[in-house]
Amino acid sequence: MVKDLLTIIGTILFAVVIVEALNVLLFIIIRYFVRTVLKFNVIENWVGDSKKRKRIAQVTVILCLVGFAIWNIVNTIIVVVHWDVFFFVAELLEKGIQKISGKKSKYYWQGALAIAALILYLGTGYYNAFHVSETNYQLKTSKDIGDKALRVVQISDSHLGTTFDGKGFAKHLEKIQKTNPDIVVVTGDFVDDGTSKEDMVEGCKALGKLKTTYGTYMIWGNHDKGYYSSRNYSLDDIEKELKKNNIKTLKDETVLLGDKIYLIGRLDRSFVERKSADTLVKDLDKSKYMIMLDHQPNDYDAEEKTEVDLVLSGHSHGGQMIPIGITGELSGANDKTYGLEKRNKTTFIVNSGISDWAIYFKTGTFSEYGVIDIANEG
């Protein structure tokens, strides 16, 4: 009893320390941001030695910041943090030049340099997030998959409503249809907490219009069930809408396609009732080609032991922004952040996602859908 109480107290104290540390960090970030804005010549000249004007300038900058945060807090934080990083580097550069030359610059050129670099960097990230690319993979197998190669198209992490709505999703699917897929798989996070019911319904209808050899299948991601109960529809409502459009949701289930290919869909690890990888394949005919869908790429050891041929995941958004990809793998949150990895008999592919969760920038990767061609050896 005492031990449990001490554990609870310790957890609460740790949480308090983390929150306070984040508050201090946020204060430092905002303070530095305001200071750099006020250093621009036009503002600095207007302020002069007047404490009143300096206060007015500071309050104006903070109010603008608050306004942007109310509109979109996540992307405001991203811009401000990157602003601080670029300005800090530019000011270090200026200090180095000043030390070498012995002269202080008359103009705040480092501010202009930092803004130019920021626009170029985040502008590229914005393009990468909103522009969807096609990524191709060619795989070989000794198993009999039929007379021709099997084409699997993977869509992941659409988070409808972030970089496109339901109609925008439909336009991307028109492009995907032109690849002539045999199977389309949606590997989780189809919707998000902020996805409207209209966009969800529109997205389901768009998926239902795809023409494939074996059908379109979906597994749940951690965002599909929602975190904050802010939506006016449930996970069951999504499944009903998908079923209405002939989309099969695989929840720790297996389907046999064309008597040659197993498609195994796992529940996301955020579902406490999910089955283990070996349980899902123990009664399957291992001579058939096996494709496993698992939203989060963090059960590689167990999935490798099952000797399934291919595992398709998403979730990581390909790292999203530098240095998130590195931290995800170092922390053990993901076994892989992006791309293809071969482990013995199993090939793993992590898709960077066709969209994003809340964030309008991808600096560590780009938005994509995957086209995976699987052919017989020889």
Side-chain angles (χ1 to χ4, degrees), residues 19-131 133 162-163 317-327 352 356-367:
V19 170
E20 288 302 314
L22 289 174
N23 285 335
V24 171
L25 181 61
L26 184 61
F27 174 77
I28 293 170
I29 289 170
I30 293 173
R31 185 176 179 181
Y32 185 74
F33 175 80
V34 173
R35 185 181 76 79
T36 54
V37 171
L38 266 58
K39 286 186 73 174
F40 281 93
N41 294 98
V42 63
I43 300 175
E44 195 171 52
N45 291 337
W46 178 78
V47 170
D49 296 326
S50 172
K51 290 183 178 180
K52 182 180 179 181
R53 287 190 176 186
K54 184 178 181 180
R55 184 61 62 191
I56 290 171
Q58 289 173 333
V59 171
T60 302
V61 173
I62 291 172
L63 286 176
C64 289
L65 205 56
V66 170
F68 279 111
I70 291 172
W71 168 65
N72 193 312
I73 187 168
V74 173
N75 288 289
T76 298
I77 291 172
I78 287 170
V79 171
V80 171
V81 168
H82 281 81
W83 172 291
D84 284 3
V85 170
F86 278 103
F87 269 78
F88 182 73
V89 172
E91 289 190 339
L92 281 180
L93 178 62
E94 193 276 335
K95 285 181 180 179
I97 293 173
Q98 182 183 333
K99 190 173 182 180
I100 294 170
S101 66
K103 296 179 181 179
K104 186 176 181 180
S105 177
K106 184 179 179 181
Y107 301 101
Y108 191 49
W109 61 265
Q110 60 268 36
L113 176 65
I115 288 181
L118 179 70
I119 291 172
L120 179 62
Y121 184 72
L122 288 186
T124 302
Y126 185 87
Y127 176 83
N128 287 342
F130 282 79
H131 177 78
S133 301
T162 304
T163 60
H317 295 190
Q320 187 74 52
M321 302 194 77
I322 299 169
I324 297 174
I326 299 171
T327 58
S352 66
D356 290 324
W357 164 83
I359 300 173
Y360 292 162
F361 309 98
K362 278 186 173 179
T363 59
T365 183
F366 52 89
S367 294

Original post:
Does T327 have any side-chain contact (heavy atoms from CB on, under 4.5 Å) partners at least two apart in sequence or in another chain, and if so, which?
Top reply: I324
**OP:** Kindly state each residue pair satisfying side-chain hydrogen bond (donor to acceptor under 3.5 Å, both in side chains) with at least one member in residues 61-70, sequence neighbours excluded.
**Re:** none
Subject >> Candidate pair V79 and F361, rule side chain to side chain contact (heavy atoms under 4.5 Å, CB included), full reasoning >> reply: CA-CA 10 Å; V79 171; F361 309 98; 4.2 Å; yes
Subject >> Test log, rule side chain to side chain contact (heavy atoms under 4.5 Å, CB included), inputs L93 and L113 >> reply: CA-CA 10 Å; L93 178 62; L113 176 65; 4.0 Å; yes
Original post:
Around K95, counting heavy atoms of other residues, nucleotides and ligands shown, do more than 12 lie under 6.0 Å from its NZ?
Top reply: no
Original post:
Looking at T76 and A69, what are the two nearest heavy atoms and their distance?
Top reply: OG1-N, 3.5 Å
Show which side-chain atoms of residues 22-37 pair as donor or acceptor with protein atoms under 3.5 Å away, not counting sequence neighbours.
| from | atom 1 | to | atom 2 | distance (Å) |
| --- | --- | --- | --- | --- |
| N23 | ND2 | V19 | O | 3.4 |
| Y32 | OH | F88 | N | 3.3 |
| Y32 | OH | E91 | OE1 | 2.9 |
| R35 | NH2 | E91 | OE1 | 3.0 |
| T36 | OG1 | Y32 | O | 3.2 |
| T36 | OG1 | F33 | O | 2.7 |
| T36 | OG1 | W83 | NE1 | 2.8 |

**OP:** Please step through side chain to side chain contact (heavy atoms under 4.5 Å, CB included) for the pair E94 and W109, ending with a clear verdict.
**Re:** CA-CA 9 Å; E94 193 276 335; W109 61 265; 3.6 Å; yes
Original post:
Atom NE2 in H317, atom CH2 in W357: separation rounded to 0.5 Å?
Top reply: 9.5 Å
Original post:
Is there a side-chain contact between Y360 and N72, using heavy atoms and a 4.5 Å cut-off?
Top reply: yes
Could you list the donor-acceptor pairs under 3.5 angstrom formed by side chains in residues 51-59, with sequence neighbours left out?
| from | atom 1 | to | atom 2 | distance (Å) |
| --- | --- | --- | --- | --- |
| R53 | NH1 | W46 | O | 2.9 |
| R55 | NH1 | Q58 | OE1 | 3.1 |

Under 3.5 Å, sequence neighbours excluded: what are the donor-acceptor pairs made by side chains of residues 118-130?
| from | atom 1 | to | atom 2 | distance (Å) |
| --- | --- | --- | --- | --- |
| Y121 | OH | T363 | OG1 | 3.3 |
| T124 | OG1 | L120 | O | 2.7 |
| N128 | ND2 | T124 | O | 3.4 |
| N128 | ND2 | K362 | O | 3.2 |
| N128 | ND2 | T365 | O | 3.4 |

Subject >> Listed partners of T162 passing side-chain hydrogen bond (donor to acceptor under 3.5 Å, both in side chains), at least two apart >> reply: none
Subject >> Plane angle bin for F87 and Y108 - parallel if under 30°, tilted between 30 and 60°, otherwise perpendicular >> reply: tilted
Original post:
Between CD of Q320 and CD1 of I359, what distance do you get to the nearest 0.5 Å?
Top reply: 4.5 Å
